[in-house]
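The figures that follow rest on heavy atoms only: side chains count, while hydrogens, waters and symmetry mates do not. All of these numbers come straight from a predicted model, not from anything done at the bench.
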Amino acid sequence: MSASYAPPPRGFGTSAWGVALHAALLFGLFVLYVIYVPPAAQVFDRYALTLPKATRFVVSLSALVADYWWALGLAAGAALAADFAAIWALRRTGAAQAVVLIATVALLLVAYGALTVYAVEYPKEKLREGLSR
């Protein structure tokens, strides 16, 4: 008797790479909030800058991520499992809907990362301008 190979269910590959992409982008946001934002926040505190609302939000969110990384990791795991299920369900009905979901979530995560970097870099640039005068 030979063992027969059963291919994975339809939509598994699309779901897997879609979730892998989203997980990588979430990890990138985590790195931004744990490694990139805190040193900038220390600079802002050192110079007692008045920060825009977006920057204050990013700094506060960075503190939250640093304090509750474990809970956010569990929530991200649950969200990625739901993401997998949603992509799989859409892929089974048609490839286009699944790809649109993957692309939309990926673009939102990239945009949020870009806004985070902008919210941190804008006050840093204003500080550089002020110090160079």
Side-chain angles (χ1 to χ4, degrees):
M1 289 195 196
S2 65
S4 64
Y5 170 74
R10 180 178 164 168
F12 182 82
T14 304
S15 300
W17 72 260
V19 170
L21 173 65
H22 296 162
L25 291 171
L26 280 173
F27 182 73
L29 285 174
F30 177 78
V31 168
L32 275 176
Y33 280 100
V34 173
I35 295 175
Y36 176 72
V37 175
Q42 290 175 351
V43 170
F44 300 152
D45 288 343
R46 185 176 327 140
Y47 289 100
L49 295 178
T50 303
L51 299 173
K53 286 182 184 181
T55 306
R56 289 193 312 258
F57 174 76
V58 165
V59 170
S60 298
L61 190 57
S62 173
L64 180 93
V65 169
D67 291 342
Y68 297 103
W69 60 268
W70 54 273
L72 293 171
L74 291 173
L80 290 171
D83 188 33
F84 183 89
I87 295 168
W88 191 0
L90 287 174
R91 177 63 179 103
R92 292 175 63 83
T93 60
Q97 295 92 344
V99 172
V100 167
L101 175 65
I102 292 167
T104 302
V105 171
L107 287 173
L108 287 172
L109 291 171
V110 168
Y112 190 72
L115 289 173
T116 298
V117 171
Y118 178 76
V120 172
E121 286 299 319
Y122 180 75
K124 285 170 63 175
E125 184 60 34
K126 292 295 182 184
L127 178 62
R128 284 187 210 106
E129 288 174 7
L131 293 176
S132 67
R133 290 182 188 164

*asked:* Measuring from atom CZ of Arg128 to atom CD of Glu121, what distance do you get when rounded to the nearest 0.5 angstrom?
replied: 5.5 Å
*What pairs of residues pass the ring pair (Phe, Tyr, Trp, His ring centres under 6.0 Å) test when at least one of them lies in residues 100-122, not counting sequence neighbours?*
Tyr118-Tyr122
*State, to 0.1 Å, how close Val59 and Ala41 come at their nearest heavy-atom pair, and which atoms those are.*
CG1-CB, 3.8 Å
_Gln42 versus Tyr47, side-chain donor and acceptor atoms under 3.5 Å_ = no
_I'd like to know whether Phe12 forms a side-chain contact (heavy atoms from CB on, under 4.5 Å) with Trp17, so could you lay out the CA-CA distance, the side-chain angles of the two residues, the decisive distance to 0.1 Å, and finally the verdict._
CA-CA 9 Å; Phe12 182 82; Trp17 72 260; over 6 Å; no
*What distance do Thr14 atom OG1 and Leu90 atom CG have between them, rounded to the nearest 0.5 Å?*
11.0 Å
Contacts table for residues 19-28: side-chain donor-acceptor under 3.5 angstrom, sequence neighbours left out:
from: His22; atom 1: ND1; to: Gly18; atom 2: O; distance (Å): 3.4
from: His22; atom 1: ND1; to: Asp83; atom 2: OD2; distance (Å): 2.5
from: His22; atom 1: NE2; to: Ile102; atom 2: O; distance (Å): 3.0

*Quick one: do Val37 and Ile35 end up in the same hydrophobic cluster if we chain Ile, Leu, Val, Met, Phe, Trp and Tyr together by side-chain heavy atoms under 4.5 Å apart?*
yes
_Exam field: side chain Thr55 to backbone Val120, donor-acceptor pair closer than 3.5 Å_ = no
*Lys/Arg N to Asp/Glu carboxylate O, Glu129 vs Lys124, below 4.0 Å*: no
_Hydrophobic clusters here meaning ILVMFWY residues chained together by side-chain heavy-atom distances under 4.5 Å, can you tell me if Leu80 and Val99 are in one?_
no
*Nearest 0.5 Å, what's the CG-CZ distance between Leu49 and Arg56?*
12.0 Å
*Could you list the residues that satisfy side-chain contact (heavy atoms from CB on, under 4.5 Å) with Thr104, not counting sequence neighbours?*
Val100, Leu108
*From Thr116 atom OG1 to Tyr33 atom OH, the distance as rounded to the nearest 0.5 Å*: 3.0 Å
*Looking only at non-hydrogen atoms, find the nearest pair between Val58 and Ala119 and report the distance.*
CG2-CB, 3.8 Å
*Verify whether the ring centers belonging to Phe30 and Tyr36 lie closer than 6.0 Å.*
no
_Same cluster or not: Leu115 versus Val110, using hydrophobic residues (I, L, V, M, F, W, Y) connected whenever any side-chain heavy atoms lie under 4.5 Å apart?_
no
